Structure formats: C-alpha cells, structure tokens
Amino acid sequence: MSQTPRIGVYVCHCGTNIAQTVDVKAVAEYAATLPNVVVARDYLYMCSDPGQNLIKQDIKEQRLTRVVVAACSPRMHEPTFRGAVFGAGMNPYLFEMCNIREQCSWVHPDKDEGTAKAKDLIRSAAARASLLEELKERYADVTKAVMVIGGGIAGIQAALDVAEAGYKVYLVERDASIGGHMAQLDKTFPTLDCSACILTPRMVDVSRHPNIELLTLTEPEEVSGSVGNFKVKLRQRARFVDLKECTACGDCVKVCPQMHADEFNLGLSTRRAIFQPFPQAVPACFVLNQADCLGRLPRACEKCREACEKKCINYDDEDRDIEVEVGAIVVATGMDVFDPARSPEFGYGRHVDVITSLEFERLVSAGGPTGGKIVRLSDGKPPRDVVFIHCVGSRDKAIGNEYCSRVCCMFIIKQAHLVKDKLPGCNVTSYYMDIRAYGKGFEEFYDRVRSEGVLFKRGKPSEVFRKKDRLVVRVEDTLLGRIIEHETDLVVLGVGLEPSAGQKELAQKLKLSLSSDRFLLEAHPKLRPVETNAEGVFLAGCCQGPKDIPDTVAQAKGAAGSAIALLNKGKVRIEPIVAEVTEEACSGCHVCESLCPYSALVFDTARGVMTVNQALCKGCGVCPSACPSGAIVMRHFTTRQVEAQLDALLEKKGSGVDTEPGTRTPEPVSSEA
Amino acid sequence: MADFRPRIVGFACNWCCYAGADLAGTSRMKYPSNLRLIRVMCSGRIEPAFVLKAFREGADGVFIGGCHPGDCHYVSGNFKALRRIGLLKGLLAGLGIEPERLELQWVSASEGQRFADAVTAFTERVTALGPLRFKAPAVESEHLPA
C-alpha cells in the first residue's frame, strides 16, 4: 500500500425511500470528514445514468481509487455500480456498497436513529474500502448443454425451447413417463381445451427431438461444479424393459397375473405389475414395477417374458449411475396436491363419495376409469347433487398453508361446468371463501358457469358427515348468516397445491433456498422470477409457487431463455473471491484441509505447504477462519478488512448508539485500531 | 438503565441471513436500530477472534446469522460456525462475559419476519443485561498478548 486511497462516497436518496428516514445531506457531509475520503456527494438516484456518471466523472477528475455507494442492498445494485466503476477504468473490486435502505431506512422509522446508523455503516464501509484490493476476474468456457429436472409441462416446454435453440438437453423425469399432472387433467380452464390433446403432441416432440436426451425413472443424486460447468450424478432406476426395443404392443400386460392400484388414475382403477403409465405415455414403453412382480427374487413367474416376442423384458436389469455435464439447470419439479386426510373435517378417506378435484379429473376424463362418466364411487350411480368445497389445504394456517393456490377457484368452476354439461339435471353448489377469477377470460367463464345454474355460496364447510347413503355438508352461509345442512351425493374437495415430494432434498443438492411457503425461492420476486440465488439454476412452473398452465409455460420459456442466453455467451466469469495461502506463514499443519467442503486445499508435499485449487474454491472463508497461523487470506473478506469494519463500527465517537442520537458531533477518527 | 442503548454488531452470511435482513427491509418490518451488520459470504468465515475483538472494542452484544442446517450455500459452513460459537460461549464465560451476549441464529432468505423478531429479542436481552462490564485495557495487559 504505497499510495493513500482516495475514496469517493455517494449517498443515495432513492427518491424518498432513504431520504424519508435518513438525513442524506447530513450523512454525506459526515462522510466527507472520514479518513481517506476526498469527495462525498448525495444524489436522488445513484443508480440512474446521471448518478453513475457522477461517479465516473469523479473517478477521472478526482483521481479516486475507491468508491463507496451508500444506497440499497449489494444484492440489488452491486453489479450495477461495479459496472460503472469498471467503465471509468477502476477495478470493480475496489467498489464497496453500503446498505442504508433495506437494513436502515426501511426498518428504522426514527430519523435520528436512521441517520446515526447510516453514518456508522458508511464509516465502516469507508474503512473497509481503504483496504480493498484489486482482484482479477477469470473466465471459463460454458458446457453447451442444459439439464431440465422434471418432465411436466414446465420441463417439456423448457426442454423444447432449449433444444430448438440448438443445445443439448437432458430431460430428467422421476416417473416412467413425462407429462406430469397436466396429463391427468381432462379439460383446461377457461377455454375447455382438452388437456391431453394439447399436451401429448409436445410430449411426442420431446421424444423425437434430436437434441433432447430423455432420462425417465431418473433422479439427480449429487450436483457439483457451478454456473457454466455443473457435474450431475444421476441415478436411473431399472425399467426391466428394453426402452429401444419395446413397441408397447401390450402382449405382456395380457398375461401378467399381478394387480396393483393404478397410480395415474389415483387408485380408481387397477394396473398390472408390468404396465404403461397411461396410453399416450412417452417414452412409449412399458415398465415393470419390481415390487409387484413375481419375476424377481425368487422367480415365480415369467409369463410376460415368455409372451414378449421381441424379448424386451430383463428381470436382471439394474439401476444405473449416469453422469452428465451441463452449463445450466432448469428446475421444473412441479407440485403435489394437498392430501385432504390432513383436514379430517371433510371426511376424505372415511366417506368414499368425498373425492379430491384431481380424482374428479380422472372420473370425468374420457380416458379415465369410468370412461368419462361422473358417478358416485359407492354405488356407481350418477349423483343428483354435487357439492364443491374451495380452499381445502389453501389459505389455512391450521394446516400450515397460508397461501392461495391460485388455480383451485378456476378448476372448480370448470368442474362445476363439466357436471352441468354431462348431467344437466344435477344440482351443483360451490362453497367458497372468495372467488379469485383474475386471469384472462376467467371472470367471463365464471359468469358463464353461474348462468348455467351452478350455485356459489360463500362459506367454508365445517363438517361432512354421512346420513344413510348420502352425505351432509354443514356450512354457514356467511352472506345470509345461516347454518345450512346440505344433503348431497358427491363432495369434491378443491385441493390446493404443495411442493412436490422430494423438492426440499433437491433444493439442498442444488443450494436453492425455499420461500416461507416451502416452494423454491426466486432471486427477486419482481425482476428475477426465474433465476435463483444459485447462479445458472433457473425455475419453471409450480416448483416456484402455484400457477396455472399458461403461467407455467410462460415461466418455462423464461427459464429456457435465461439458460440459452447463458450458453450463448459461451463464457462465465469465475468469482475471484477465493482463498489464498501465504506460503511463508503456512506451517503445513493440515487443519484447513478437512474443513473444505470442496477439497480445494491441496498439500504440496515438496514445499510442505498447503495450496488452494482456485478452480474448486468457492470462497466461503471457512479455512482462513480456522488457520492457526493466519496463513490463509480470504480475498475480498480479509481479516484486516473485516476487523477494520469492526473497529470503525465500534468507534466511540460518532456512533449513534451509546449516546443520545443526533446530538453528538462526529469527528473524523483514524480507522486504524 | 432505561436510557441504556446497547451497541450490537452482527455478522450475516450473504445467502441466507443477509438476504433475510434485506427481506425484512423490503417488507418494511421494524426492529431496533442498535444492530450494525457486517456481510460475509458464509457464517463459516466468522473468526472467533472477530467476536472477541468486537467485545473488546466495546460491543455489548454480537449477533451472528447463518443458513438453516442443511441449507448452507457452501455445504457445511454453518455447522462450522455452530461449533465455533459453542466453544466461544464457554470461552466468553471464562472471560467474564455473559455468553448470552453472543447470539447465533439461523435465518433463511425468506424469513424477514424471523430476522426482525430475532434482532428485536436479542436487543431486548442485551439491554436487560446492561452495558458490558469488561475492562478492556486491564484484561489486555494481563491476559492477552500485546
């Protein structure tokens, strides 16, 4: 450090976001008195072009060597200002951001307190800035492939878009077929498009696309690497049927003696131990469920193998480990529907004629167990009265789902229409809390269904019980203030959406955060809805929060576009914030070695010192904190830098905390401890 | 004692707690202004010496925020923080500093409310403990290397 740093401090008003509770002028005047600060200014919006130009101009005219911007969170605009100082010829790592909005003006309504804290934070930032060092960014090539996790409509759309852009896609699906929940739906709201008719062509496109490698029965085991170069270990469960040879002729199914509840029809029908998940399944290949089959250990039955002319069935098939390298990952793991057994008041599981809306979809679907006939499961007769209950498992703090599932109002309205359509004489009543018909064409559809004679009554039922062979729904009509006991034949529960099973484990593998509703957290709720905090990992569909099909497709296209942009760029910046060993100080004690989760510390036996593999180091800073001889330097978060911040924060004078706020006169004090 | 306003410094990991603190701001939640936060990439970066230094320089409380167990952006840095803080609390007691003045909290990026609540509760606790009675120069000369 031969030269004394020349710091410029820029305090942002952020309109009134900061200026309302922080005296920005006073803070800037105070900043000017701090050590090494040669210029301090305030401006309405530092992030605007004129604001950035102010900084650039000062760098040139005032020969600044450090810049501190006191504004919003570094998670918001650090990249903006790094870009600005870089544009004026300064190393971007000589820039320091001071958060006086999210962590000051927005949380402390008292202007004296806010101003005092802002001064402290800027003093700390300036002390740190004095010690910042130039860091050199490096770049690495991007692996030109994308992995899409989840083969529902979100994953299908994302995979197709990336493949169309000319990049290799690994589409990873846990089940035996792609299609997801959309394949189970009958019609879609509000246009009444046939769900399968619009989905299956896309599924076929996936299977035929030369750039897409479809991996079914597969789940990610381990993810390593980082943006641009991920290594993913996948585990593919045995299918026991040759994927390439099977023509889905169905000869095997005819001879299989083993029955099991059909998962695709939610247990409303049966399948054999060897089966195709549903007729339009992709890949069009059978799968053998080894838990149901008698052909394995001990081999008691070989009927299907004998029946298969092409000899596709192999009872000795085994799980496979697959390793792929990709530049970006799209997570499209979708959702599960709420299990209403957790809300026992509705009698699901006790009364067979209480069903979920997803079960209703299978009942009403022409490809479903009843061929599209709406019947009571108890006696197989068509109902004369149907009740729909909204918000089962949504907007319910008692079961832990505070959020609105967004699709239930509309799918219930659609299902009510389908009942009226198929059983014109049937009474249909829908008990709701609020009707949320917010989308394109939704309100119009709601109006139409009301005019078809469906009754919408406001109230959340408290109980469903049996009365002879019928059901009674007890509910308070909150608009009339009356308790109703509604006798009916069939109760359909409008179940909400929850994150799919295993999503949390996947999130941990990918280093993704969860929102408080347990769905995956996006990088910014407004402006970065498909990105995540893990660079290079993008979100599509219901894994990020409940949404309908158009929103899902839109987000999937967004995620695909973000992945394509990353691959197109060809290179990714490697974060230079890494650890480095000062060899003269290293005693070779190996304490750090076992602490590193990335095995980035390698012992150089010839020289007897530890070295850091900078390609593997992610910059967490665990090793320097453990080094007994202080030999490891954590770049950009060096011990000296952090301690300078601490010293500056705890300077007696100028701190607004231990004295009466707003009364002391701050004096410039050296930041050296 | 009613006028005592403790000085609290904090360390927050970039990925979870710092983001949670940002969310508390974006959601305009209110909490006492005593805390001054220092951002580090991971709670595993926090050297025990930082905490000791903070107390020596006059902090009445030190707040540390990391990711929930299993959620660490760097696999296991938060567990290392957990172990260090555990040891450090014992050391603090030996030095005559109430271990309750050091707080470790897990706050995820979506837990703005949890962050605000944790800071509020911690500030109240340190206020109740009163100023740190730790004669820095005396201890420095007798027990700490220069």
Side-chain angles (χ1 to χ4, degrees), chain A residues 72-76 99 101-110 113-114 116-117 120-121 124 128 504 507-508 511 513-517 521 525 533-534 577 595 597-598 618-622 624-626 634 636-637 639 642-643 645-647 649-652 655-661 673, chain B residues 3-9 11 13-16 18-19 21-42 44-50 53-54 57-60 67 70-77 80-81 84 108-114 116 131:
Chain A
C72 50
S73 169
R75 298 170 55 86
M76 182 92 194
N99 185 346
R101 193 180 74 172
E102 280 85 344
Q103 298 183 11
C104 187
S105 74
W106 274 352
V107 286
H108 308 314
D110 184 291
E113 285 185 21
K117 179 166 175 178
D120 282 3
L121 293 174
S124 163
R128 170 175 157 81
K504 190 167 194 281
Q508 291 187 345
K511 307 277 165 272
S513 305
L514 303 182
S515 322
S516 52
D517 56 12
L521 183 69
N533 285 335
I577 300 176
L595 292 176
Y598 305 106
K618 297 267 191 294
C620 63
V622 159
S625 314
M634 181 62 228
H636 212 56
F637 291 91
T639 302
V642 177
E643 288 186 349
Q645 276 185 282
L646 266 178
D647 280 329
L649 281 180
L650 292 166
E651 258 172 31
K652 295 279 187 282
S655 165
V657 189
D658 59 343
T659 51
E660 190 64 21
Chain B
D3 293 337
F4 170 61
R5 293 170 52 77
R7 298 151 65 93
I8 299 174
V9 292
F11 297 93
C13 79
N14 179 61
W15 304 100
C16 293
Y18 196 88
D22 276 355
L23 181 63
T26 313
S27 317
R28 311 299 198 276
M29 289 158 183
K30 306 294 177 220
Y31 55 86
S33 70
N34 306 54
L35 174 75
R36 274 92 172 105
L37 215 53
I38 293 174
R39 182 170 70 117
V40 287
M41 294 311 276
C42 177
R45 170 67 187 108
I46 299 158
E47 297 180 20
F50 293 166
K53 183 179 173 66
E57 302 298 333
D60 299 303
C67 306
D71 290 354
C72 178
H73 191 80
Y74 303 104
V75 186
S76 56
K80 278 139 197 165
R84 286 172 187 159
S108 85
S110 62
E111 292 177 332
Q113 187 66 58
R114 185 182 164 95

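Because the structure is predicted, anything quoted here is derived from the model rather than measured. Proteins come first, then strands; the chains are lettered A, B, ... in the order of their sequence lines, and each starts at number 1. Values below: all heavy atoms of this structure, side chains included; hydrogens, waters and symmetry mates excluded.
When heavy atoms are compared at a cutoff of 4.5 Å, Ala507(A) does not approach chain B at all. Contacts of Thr639(A) with chain B are made by both backbone and side-chain atoms, with heavy-atom separations under 4.5 Å. Both the backbone and the side chain of Leu595(A) come within contact range of chain B, judged by heavy atoms closer than 4.5 Å.
With contacts defined as side-chain heavy-atom distances shorter than 4.5 Å, the pair Val622(A)/Tyr74(B) does not qualify. For the pair Pro597(A)/Ser76(B), a side-chain contact is recorded, criterion being any heavy-atom separation below 4.5 Å from C-beta on. For the pair Leu650(A)/Arg36(B), no side-chain contact is recorded, criterion being any heavy-atom separation below 4.5 Å from C-beta on. Residues Gln508(A) and Asp71(B) form a side-chain contact, since some pair of their non-hydrogen atoms from C-beta on lies under 4.5 Å apart.
Contacts of Arg39(B) classified as salt bridge (Lys or Arg N to Asp or Glu O under 4.0 Å), with partners at least two apart in sequence or in another chain: Glu78(A). Glu643(A) pairs by the salt bridge (Lys or Arg N to Asp or Glu O under 4.0 Å) definition with nothing, not counting sequence neighbours.
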Checklist entry - What's the verdict on side-chain contact (heavy atoms from CB on, under 4.5 Å) for Phe637(A) and Ile38(B), showing C-alpha distance, side-chain angles and the deciding distance? => result CA-CA 11 Å; Phe637(A) 291 91; Ile38(B) 293 174; over 6 Å; no

Checklist entry - Stepwise, does the side-chain contact (heavy atoms from CB on, under 4.5 Å) test hold for Met41(B) with Cys620(A)? => result CA-CA 6 Å; Met41(B) 294 311 276; Cys620(A) 63; 5.8 Å; no

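When Lys30(B), Arg114(B), Gln113(B) are compared by the number of non-hydrogen pairs under 4.5 Å with chain A, Lys30(B) comes out ahead.
Of the inter-residue distances, the one linking Ser124(A) atom OG with Leu37(B) atom CG reads 10.0 Å to the nearest 0.5 angstrom.
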